[in-house]
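Every value quoted in this text rests on a predicted model; they were computed, and no experiment measured them. Only heavy atoms go into these numbers, but all of them, side chains included; no hydrogens, no water, no symmetry mates. Letters A, B, ... mirror the listed sequences (proteins, then strands); counts begin at 1.
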Protein chains: 2
Amino acid sequence: MSRNADGGAPTPEGGWLDGDQQRAWLAYIRVQLRLTYEMNRQLQSDSDLSLPDYDVLTALSVADGGLMPITALAAQIGWERSRVSHHVRRMAARDLVNCGPSANDRRVTEVRLTPHGRKVLEAAAPGHVDLVRRLFFDGLPPELVGPLSQALESVYANMIAQGTLPPPVDWRPPRGE
Amino acid sequence: MSRNADGGAPTPEGGWLDGDQQRAWLAYIRVQLRLTYEMNRQLQSDSDLSLPDYDVLTALSVADGGLMPITALAAQIGWERSRVSHHVRRMAARDLVNCGPSANDRRVTEVRLTPHGRKVLEAAAPGHVDLVRRLFFDGLPPELVGPLSQALESVYANMIAQGTLPPPVDWRPPRGE
DNA sequence: AAAGCATAGGTGATATGTCACGCAATGCCG
DNA sequence: CGGCATTGCGTGACATATCACCTATGCTTT
């Protein structure tokens, strides 16, 4: 719906975005905004989960053994470690996961999907996927699925390439400055 | 990065997403996550603005007279009114905007861009647009810009069509149940 | 083994976002 | 004019997210 003071004169060299780009950007922003909002709403009301909760559960469910160290989880879902730390603590209180130190490396905290957590996820998944299909794919002409994938994959590849940091890790300069 | 327990067997009838859809969805999620994160980071560190701040300022800057009622602003940027209310209060404390009751309808609060707010926005815009170009458009093959726009616009149109509510308004049943 | 850096997390403060209500100003109708 | 529903907002409580630090382990190097 916004983030588009990005428009202006089609100044070719560096200034703003050209007409076509503006159009793409606006469309992207609108979809992103609304989609996130609706996914949150749906999960919250149907399954008493937030979208972030769902992301965590999903990541754990496909992880080997249904368990993952905090850092791995963070990398997987693209969060800062600290956020994961806070979040899993809250989820643990709801018995969706449980955390405990690893036997090998005692710095590591392993987050593990509880049976209840798995049940909740399995109950929530169909509805979520359904929403995604209705909101996203039902309106997407089949012949545009390919191009869309290509486009987004190109964008992502480029983001990573010039990325400041690979994933959004919280990083600190090597003990100086 | 996640939100993709959406994969599984390519069950054609209703269950999950098929292979191509999974691919598109994964690409979308990755881009969305990372892009939002980076935009926030960049604005925050370069201009001491959050992405939401930027959205508000942008909306006001193009509004007629640099001012808008809360509800209009909310609709414009796709927020709940309550969120706008809280947010503009905080922004007012930083002298980015100022709020005041409308002369005509005294229920209405008009949010107005302050001179300082405009300056900050104008200072921030180039950097933001630049980031968007670098992160999003630099990696996007020109011949895919059109298809991407079409795809996202179709998706958006469909979302709106079957949308529960047009924009994310907070709605209450007409005084009953 | 001691020094020193690196790695994995946790924490507290503060900024944000959401929900459920509450209240006042308006608009209608009879 | 006297209700009374509607519209536009603000608020408080609570859930989340981010930032700047702090600690405990582990690893390497002498």
Any side-chain N or O of [X] under 4.0 Å from OP1/OP2 of [N]?
| X | N | value |
| --- | --- | --- |
| A/T109 | C/dG10 | yes |
| A/H87 | D/dA17 | yes |
| A/R81 | D/dA17 | no |

In whole Å, I'd like the distance from the [atom1] atom of [X] to the [atom2] atom of [N].
| X | N | atom1 | atom2 | answer |
| --- | --- | --- | --- | --- |
| A/Y37 | C/dG17 | OH | P | 13 Å |
| B/R107 | C/dG27 | CZ | C1' | 8 Å |
| A/I70 | C/dT11 | CD1 | P | 11 Å |
| B/E38 | D/dT18 | CD | C1' | 15 Å |
| A/W79 | D/dT18 | CH2 | P | 9 Å |
| B/D48 | C/dT14 | CG | P | 16 Å |
| B/N40 | C/dT16 | CG | C1' | 11 Å |
| B/L51 | C/dA15 | CG | P | 18 Å |

Where the side chain of B/S85 is defined as all heavy atoms beyond and including C-beta, which of D/dG10, C/dA8, D/dT16 is the nearest nucleotide?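 That would be D/dG10.
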Rounded to the nearest 0.5 Å, how far does CZ of A/F137 lie from CD of B/Q21? 5.0 Å
Aromatic ring pairing B/Y54/B/H128, orientation class (parallel under 30°, perpendicular over 60°, tilted between): tilted
Can you say whether the rings of A/F136 and B/W25 are parallel (under 30°), tilted (30 to 60°) or perpendicular (over 60°)?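 The arrangement is perpendicular - the two ring planes meet at more than 60°.
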Polar side-chain contact [X]-[N] base: donor and acceptor under 3.5 Å:
| X | N | answer |
| --- | --- | --- |
| A/R106 | D/dT25 | no |
| B/H86 | C/dT16 | no |
| B/S82 | C/dC19 | yes |
| A/R83 | D/dT18 | no |

Select base, sugar-phosphate, or nothing to describe what A/D105 touches, counting heavy atoms under 4.0 Å on all strands. sugar-phosphate
Do B/V56 and B/W79 make a side-chain contact, defined as non-hydrogen atoms from C-beta onward lying under 4.5 Å apart? yes
Here's a test of your reading of the structure: between A/V108 and B/S50, which maps to the more 5' nucleotide of DNA chain C? A/V108
Toward the 5' end of DNA chain D, which comes first, B/E110 or A/R90, by nearest nucleotide? B/E110
Tell me which of A/A103 and A/R94 sits closer to the 5' end of DNA chain D, going by the nucleotide each one is nearest to. A/R94
In this structure, are over 12 heavy atoms from other groups packed under 6.0 Å from B/R106 atom CZ?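 Open.
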